[in-house]
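Notes for the one structure printed next.
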Amino acid sequence: MADSKAMVTREADFSAWYNEVIQRAELADYSPVRGCMVIRPNGYAIWEQMQRALDDMFKATGHQNAYFPLFIPQSFLAREAEHVEGFAPETAVVTHGGGKELEEPLVVRPTSETIIYAMYAKWIQSYRDLPLLINQWANVVRWEMRTRLFLRTTEFLWQEGHTAHASEAEAEEETLMILGLYRKFAEEWMAMPVLTGRKTDSEKFAGALRTYAIEALMQDNRALQAGTSHNLGQNFARAFDVTYQTAEGTLDHVWNTSWGVSTRLVGALIMTHSDDSGLVCPPRLAQWQVVIVPIWKTDEDRAAVHQAGTDVMNELRHAGIRTHLDAREGLKPGAKYFEWEARGVPLRLEIGPRDVAAGSVMLARRTGGKKEPISLVGLPKRIQAEIDTMQQALLDAARERRDAATVRGISKDEFIARMAGAGGFVFGGFCGSAACEAEIKEQTKATIRVLPDPEFRSPEPPARCMWCDAPSVAEAVWAKAY
RNA sequence: CGGGGUGUGGCGCAGUCCGGUAGCGCGCCUGCUUUGGGAGCAGGAGGUCCCGGGUUCGAAUCCCGGCGCCCCGACCA
C-alpha cells in the first residue's frame, strides 16, 4: 500500500481506520469534486451484489423498475410544504443550460417523490390501476455540510421505491413489508443485525405521515440508519393531485409509500465487520468468495500448481462459488495474502507442490483460526459449507457485539455518562415531548433512533421518561448516530 | 459559516524556526536472482514545493492576499 505497512487500528482512531480500510481495499477514492467520491471496482462490486439481492426481493414482491429524470422543476419541490422545508436547503440547482439562463431553475433530485407523483397523476385513473409498485435505481444529490466516504456523500447511489395504493391500510402494509424486507437483507446478506421501529416526528422524512427505519450499531458504538420506509399518506397525492375513481364511483386521493437504501450500506458493512487487517466482507456479498494463491519454486512446480489452481477454480465456479485465481508473478505468496486480507476475501486456498502431491489445498479463513489442509475430493461442497458457516458466524458475532453495547432502564445520569463514554444503544421510557427529545440531543448528542417494534421492546414497558421523569408514552432507543 | 490543523514526485512525510536552487520511506519501470506470511541486489523514471503578489543577488523557507483539503460543531441516507 501507499505508506507504512501497519494499519491504523480501530482502537487508536476509528475514523482514520475506516478511511484506511477503504483505501487499502480500493473500494473508493476522493474525487476532484468536494464531497463526491469515486466508487472503485472493488467497492462497486459489493454494491452490485447488494443491488442484485435487493432487486430480486423487490421483483418477488411485485415491484417493477423504471427510471425518472435527474432534473426536477424547482416549483415541484415547493408543492409539499414539509418536503420543501426539509430538502430545499440541500439541493443543487441548475440555472443555465445551453449557454442560456433557464426560465425555471432545475433542481438536481435529492429524492424523486415530486417528479414521480407528478407522473402518477397522469397514469392513475381508476382503482384498477392500483396498487402501482415502482422502484428506481438512481443517483441523487444532497448538498451536505460534511461528507464521509459511503456514509454521507454529496452524490450517492440508491434505490427508491414509490408506490400508490387505494387505502391507508394497504399503504401501511406495503411500508412495513418493505421494512421487513430491508431487515431480512441486512441480516441475511450483510450479516448485520438491525433494530426496526418508527421514527419520532423530528426524525421522520420531510412530507411523510410516518417513517420506519432499520438501525444498526457500528463497531465504535455509534448508530447508523441503514434504510427507511415511509408511509406518505395522501400528502403527495394532494400536492400533485393524484386521484383515482373508486369502485363506488367516488374520487379519492391515492395513498403513497416511498422507501430506500443507499451506498451507505457499503459503509455499514465496512464498519460492522472489518478488523485491523482491513475489510471483512460477508461471503454472500463478496466479489470473490474464494481466492486461490499458487505457490511454487521451480518451473515444473509452477506449471503443476497453476494447473491444479485452474482446475480448482473451474470446479468451484461451476458450483456457483465466485472464485479468483491470483496467478500474478513477481509477488511472494505472503504479499498476496496481505493484499487479499485487506480486500476482505472470505476464503483463501493456497496450492503448492506439497498440496498437489497430497491431493489437497490449504484453507485460510479471513475471520481467523488455523489454516488447515482440506481434500480436493468434495471441495465445492466443503467450501459452500465454509461460506455458510462464516456468513452465520459474522451475523452472530455482530449481534453479540451489539447486544453487549445495549443497555435498558438506566437513569438520566447514567445515560449522560454513557453517551459521553462507551456509547451504544440505550432503551428507555420516552414522554413523547419534542422539547425533551431536543434537550437530550443538545446535551448528549444522542437522538432517538427508533421507537422499537414490539419484538425489540423490553419485557416490562418503562413507566417514566428516562430524561424528564414524566409518564412514558413509548419505549425509545437512543444512540449517538452517524 | 465558527474553532483547530494542514498543503513538498502516485501515497506518507522531512526540510521552513535560522533563505543558497529539493530529500527519505513506500509505490512504479527494467534486469537478474527469488516465491509455504509483506523478497534481495543493480540500474532507472517521476516534483509548476497550492496560487498570486512582495522583500532579496537568491524564496519550499521571510512578508501580504487568496484558495484547497482534513478534524471538531450546526444540517443529513
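In what follows, chains are A, B, ... by sequence order, proteins preceding strands, each numbered from 1. From a predicted model like this one, the values you see are computed outputs, not experimental measurements.
With A:Val312 as reference, A:Leu349 is the one residue of A:Leu349, A:Val290, A:Thr323 to meet the side-chain contact (heavy atoms from CB on, under 4.5 Å) rule. The only option from A:Tyr117, A:Phe68, A:Tyr120 that meets the ring-ring contact (aromatic ring centres under 6.0 Å, His included) definition with A:His162 turns out to be A:Tyr117.
To the nearest whole angstrom, the two C1' atoms, one in B:A39 and one in B:A45, are 22 Å apart. A distance of about 29 Å separates the C1' atoms of B:C50 and B:C29, rounded to the whole Å. Nucleotides B:U61 and B:U56 have their P atoms positioned 16 Å apart, rounded to a whole Å. B:G54 and B:G19 have their C1' atoms separated by 15 Å, with the value rounded to a whole Å. On the P atoms, B:C41 is 10 Å away from B:C26, given to the nearest whole Å. Taking the P atom of each, B:G25 and B:G43 are spaced 14 Å apart, rounded to whole Å. Annotation: B:G47 and B:G10 have their C1' atoms spaced 11 Å apart (nearest Å). Rounded to a whole angstrom, the distance from the C1' atom of B:C69 to that of B:G12 is 16 Å.
Contacts of A:Arg210 classified as side chain to side chain contact (heavy atoms under 4.5 Å, CB included), with partners at least two apart in sequence or in another chain: A:Glu168, A:Glu172, A:Arg198, A:Tyr212, A:Asn231.
Ranking B:G36, B:G37, B:A39 by closeness to the A:Lys371 side chain, first place goes to B:G37. Checked against B:U35, B:G38, B:G36, the side chain of A:Arg24 finds its nearest nucleotide in B:G38. In the set B:G73, B:G37, B:U35, the nucleotide with an atom closest to the side chain of A:Lys445 is B:G73. When distances run from any side-chain atom of A:Asp355 to the nucleotides B:U35, B:G36, B:C75, the shortest one goes to B:G36. For A:Lys297, taking side-chain heavy atoms from C-beta onward, the closest of the listed nucleotides B:U35, B:C75, B:G36 is B:U35. Listed nucleotides: B:C75, B:G38, B:G36. Nearest to the side chain of A:Lys441: B:C75.
Contacts of A:Arg354 with the nucleic acid, taken as non-hydrogen atoms under 4.0 Å apart, include base atoms. Residue contacts for A:Gln225: at a heavy-atom cut-off of 4.0 Å it reaches the sugar-phosphate backbone alone, with no base atom in range. Here A:Thr154 lies out of heavy-atom contact (under 4.0 Å) with every strand. A:Glu341 comes within contact range of at least one nucleobase, with a heavy-atom separation under 4.0 Å. Using a 4.0 Å heavy-atom cutoff across all strands shown, A:Leu224 reaches no nucleic acid atom at all. Residue A:Leu265 is classed as having no contact, given no heavy-atom separation below 4.0 Å to the nucleic acid. Within the 4.0 angstrom heavy-atom criterion, no nucleotide atom of any strand lies near A:Pro89. Base contact: A:Arg348 has a heavy atom under 4.0 Å from a base atom. Among the protein residues, A:Ser262 comes within range of the nucleic acid bases, having at least one heavy atom under 4.0 Å from a base atom.
One can place CZ of A:Arg328 at 18 Å from P of B:U35, the figure rounded to the nearest angstrom. Between A:Met37 atom CE and B:C69 atom P there is a gap of 17 Å when expressed in whole angstrom units. Computed from coordinates, the A:Met7 CE to B:C11 P distance equals 19 Å when rounded to whole Å. If you measure from atom CD of A:Glu26 to atom C1' of B:G10, you get 12 Å, rounded to the nearest angstrom. In this structure, A:Asp326 places its CG atom 17 Å from P of B:U35, rounding to the nearest Å. Straight-line distance from the CG atom of A:Leu331 to the C1' atom of B:G38: 10 Å, rounded to whole Å.
The side-chain ring of A:Tyr337 is not stacked on the base of B:G37, judged by centre separation under 5.5 angstrom and plane angle under 30 degrees.
Close to B:G37, at under 4.0 Å from its OP1 or OP2, lies no side-chain N or O of A:Lys332.
The backbone N or O of A:Pro110 sits less than 3.5 Å from a side-chain atom of A:Arg142, completing a donor-acceptor pair. Put simply, the side chain of A:Thr175 never gets that close to the backbone of A:Thr257: no donor and acceptor are under 3.5 Å apart. No donor-acceptor pair closer than 3.5 Å links the side chain of A:Ser277 to the backbone N or O of A:Asp275.
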message: What verdict does the salt bridge (Lys or Arg N to Asp or Glu O under 4.0 Å) test give for A:Arg10 and A:Asp220, after you've listed the backbone C-alpha separation in whole Å, the side-chain angles of each residue and the deciding distance to 0.1 Å?
response: CA-CA 8 Å; A:Arg10 289 163 289 182; A:Asp220 61 348; over 6 Å; no
Criterion salt bridge (Lys or Arg N to Asp or Glu O under 4.0 Å) on A:Arg343 and A:Glu339, from CA distance to verdict: CA-CA 6 Å; A:Arg343 294 181 178 202; A:Glu339 187 177 311; 3.5 Å; yes
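Base pairing in RNA chain B yields stems of at least 3 consecutive Watson-Crick or G-U pairs, both distances under 3.5 Å, namely B:1-7 with B:67-73, B:10-13 with B:23-26, B:28-33 with B:39-44, B:50-54 with B:62-66.
Annotation: of the two residues near RNA chain B, A:Glu90 and A:Ala335, the 5′-most nearest-nucleotide partner is A:Ala335. Two residues, A:Trp158 and A:Arg148, neighbour RNA chain B, and the one matched to the more 5' nucleotide by heavy-atom proximity is A:Arg148.
If you check distances only, the side chain of A:Glu350 never reaches the base of B:G37 with a donor-acceptor pair under 3.5 Å. No donor-acceptor contact under 3.5 Å links the side chain of A:Lys336 to the base of B:G36.
For the pair A:Ala191 and A:Ala398, the tightest heavy-atom approach, listed with the atom from each and the gap, is O-CB, 3.8 Å.
For the pair A:Lys204 and A:Glu82, the salt-bridge criterion is met [side-chain N within less than 4.0 Å of a carboxylate O].
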